[in-house]
Amino acid sequence: MSSKKKLSSEYPFSVDLARVQQQTLKDVTVHISIPTAEEAESYFDIDMSEYGIQPIWIRIENTSDINYWLIPYAIDPSYYTADEVALITGKHLGKEDYFRNRSLLRNNVLPFFQQANSATEGYIYASGKSGGRFVDIHLTGRDEFVRMRFSVLLPTQVFDYEKSELRERYQNLDQLRDLTIDELRTYMRDSLPSCTTNSEGNESGDPLNVVLIGSGALGISALSASGWQFTEAITVASIRRMIGAAIKNVAFQTAPISALYTFDRKQDVALQLGRPEIKQRNHMRLWLAPVRCEGEPVWIGQISRDIGVKLTTKSKSLFTHIIDPFVDEAREYLLHSLFCSESVRKYAFVKGVGASNDQSPRDNLTDDPYITDGLRMVVWLSSTPVPSHKAENLGWNASADPALELKNQSTLNNKGNSALIDPL
């Protein structure tokens, strides 16, 4: 093994400075970056990614007069100690190389104690993530608390958004029409497509039932904090792994998602929140809309819950997921997951595809029926934590209770002052 340089104020691996993020709060500055698997292997001489370990580099400059403790549990409850990483990754090393490796890992650990008027740097050895990662920094001191939230895109060239034109499209945001909140409400109600389509645009698919408002980085942060993961692009390799996972009935947390179309293009990005079996997952497709709201990007989305699989000739992989027909539950699931990560600044419901019920459901492109109150959910994301009871409900329309929809008891189905009669 080669000898390693000591930690310093220089970045410890060759990295594009655009990938080093920093925030300052209460006289504390935090720098953060996550090396690629190749960069980490070059520095540590071991392939941590093979063992599901991802080192996160952090530098903390505490120029305050307060002593703080870093809470690594907030970054990753499943983080590894240096000796644990050495033991896991060093099983095939000789004795001399093992102890040299262990010493390197120990010397690179980020200290937990952040003394007043000092700077420290090092690594947290976290469990592996791919696509994007949310890093929650908690620093606690006497009568003081500092929290910073970072979202990090992890370049791999295997995820669907990396193969789309999203980056180029996102760079031209300032050219899009900027709407007020009231103008956005009208746009969503009267001009926004209500459903996804096939590639030709002549068949309607799943409802466009979600709108997220916030920067790309903010969206990554909020969704990653809520447990959502990016999906891989559809390739021969990813389809092979997906079929293998389906046969073995095991998880594939970044399994690809088929293409649906809005604005004459397939989704710009897809995310999912997987389960122990590939047959079950919550998944969401997002498109960057051709408008902004008060300077912020607007993302139009489709969300549903997969509850099984079936063979079909309408998919390139020859099988597709079966969605839960009560799609409003998946919509509420997203809102609740964002509530729990304290990422919602305000929210509302606006007219979408229109209501359908168990007796007269709508169908998506793979002939799965779906039932809905017909509304779409709009969420303004927050860069700072907002407790769920502090998130502002704009009160445009009342959404149905999915549990009551399931029982055909939704109060929104009553005649009279129903939000479904003429949603605004």
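Here the structure is a predicted model, which means the values were calculated and not measured. Computation of the quantities below employed the complete heavy-atom set of this structure, encompassing side-chain atoms and omitting hydrogens, waters and symmetry-equivalent molecules. When a residue number appears, it is its place in the shown sequence, counting from 1.
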Please check if the number of heavy atoms outside [X] that lie under 6.0 Å from its [atom1] is greater than 12.
X	atom1	value
Asp174	CG	yes
Tyr73	OH	no
Glu96	CD	no
Lys26	NZ	yes

- request: Check step by step if side-chain contact (heavy atoms from CB on, under 4.5 Å) holds for Thr89 and His92.
  value: CA-CA 8 Å; Thr89 63; His92 305 297; over 6 Å; no

Under a 3.5 Å distance rule, please check whether [X] uses its side chain to pair with a backbone N or O of [Y] as donor and acceptor.
X	Y	answer
Ser341	Leu338	yes
Asn198	Gly201	yes
Asp178	Gly295	yes
Trp69	Gly141	no
Asn108	Leu104	yes
Trp287	Phe263	no
Asn67	Ala116	yes
Asn209	Ile303	yes

query: When you look at Val20 and Gln22, which way does the side-chain contact (heavy atoms from CB on, under 4.5 Å) test go after all the steps?
result: CA-CA 7 Å; Val20 179; Gln22 75 175 64; 5.9 Å; no

task: Tell me, with the steps shown, if Val353 and Tyr370 meet side-chain contact (heavy atoms from CB on, under 4.5 Å).
output: CA-CA 11 Å; Val353 67; Tyr370 67 86; 3.9 Å; yes

Would you say the side chains of [X] and [Y] form a donor-acceptor pair under 3.5 Å?
X	Y	value
Asp83	Thr81	no
Thr120	Gln114	yes
Thr24	Thr29	yes

Does the side chain of [Y] come within less than 4.5 Å of [X]'s, by heavy atoms?
X	Y	value
Thr196	Leu208	yes
Arg376	Phe349	no
Leu173	Leu288	yes
Trp380	Ile181	yes
Leu394	Val378	no
Tyr187	Val298	no
Ser399	Asp328	no
Lys351	Asn397	no

[X] versus [Y], closest heavy-atom pair with distance:
X	Y	value
Arg189	Val350	CB-CG2, 4.2 Å
Asp373	Ala400	OD2-N, 2.8 Å
Asp363	Pro369	OD1-CA, 3.3 Å
Leu375	Ala398	CD1-O, 3.4 Å
Glu183	Thr180	OE1-N, 2.9 Å
Leu381	Ala222	CD2-CB, 4.0 Å

- request: Check the pair Thr63 / Glu61 against side-chain hydrogen bond (donor to acceptor under 3.5 Å, both in side chains), numbers first and verdict last.
  value: CA-CA 6 Å; Thr63 59; Glu61 299 165 357; over 6 Å; no

Between [Y] and [X], does any NZ, NE, NH1 or NH2 come within less than 4.0 Å of an OD or OE carboxylate oxygen?
X	Y	result
Arg345	Glu296	yes
Asp182	Arg185	no
Arg147	Glu342	yes
Arg362	Asp206	no

- prompt: Hey, would you say the Tyr68 and Phe112 ring centroids sit under 6.0 Å apart?
  reply: no

query: Mind checking whether Tyr125 and Tyr123 have parallel, tilted or perpendicular rings, split at 30° and 60°?
result: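 Tyr125 vs Tyr123 ring planes: parallel.
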
If I take atom [atom1] from residue [X] and atom [atom2] from residue [Y], how far apart are they, to the nearest 0.5 angstrom?
X	Y	atom1	atom2	answer
Ile56	Ile124	CD1	CD1	7.5 Å
Asp47	Ser42	CG	OG	12.0 Å
Arg292	Gln175	CZ	CD	9.5 Å
Lys91	Tyr51	NZ	OH	7.5 Å
Leu260	Asn364	CG	CG	8.0 Å
His336	Glu329	NE2	CD	8.5 Å

task: State which residue, out of Leu212, Leu286, Val291, Val211, fulfils the side-chain contact (heavy atoms from CB on, under 4.5 Å) condition with Ile300.
output: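 When side-chain contact (heavy atoms from CB on, under 4.5 Å) is applied between Ile300 and each of Leu212, Leu286, Val291, Val211, only Val211 qualifies.
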
task: Start with the C-alpha gap between Ile60 and Leu139, add the side-chain angles, then the distance that decides, and say whether side-chain contact (heavy atoms from CB on, under 4.5 Å) holds.
output: CA-CA 10 Å; Ile60 300 175; Leu139 294 164; 4.2 Å; yes

- request: For Ser118 and Asn62, run side-chain hydrogen bond (donor to acceptor under 3.5 Å, both in side chains): C-alpha distance rounded to whole Å, both residues' side-chain angles, the deciding distance at 0.1 Å, then the answer.
  value: CA-CA 5 Å; Ser118 69; Asn62 180 12; 5.3 Å; no

task: Answer yes or no on whether Arg305 is positioned over the face of Tyr333, meaning its NZ or CZ is under 6.0 Å from the six-membered ring centre and within 45° of the axis.
output: yes

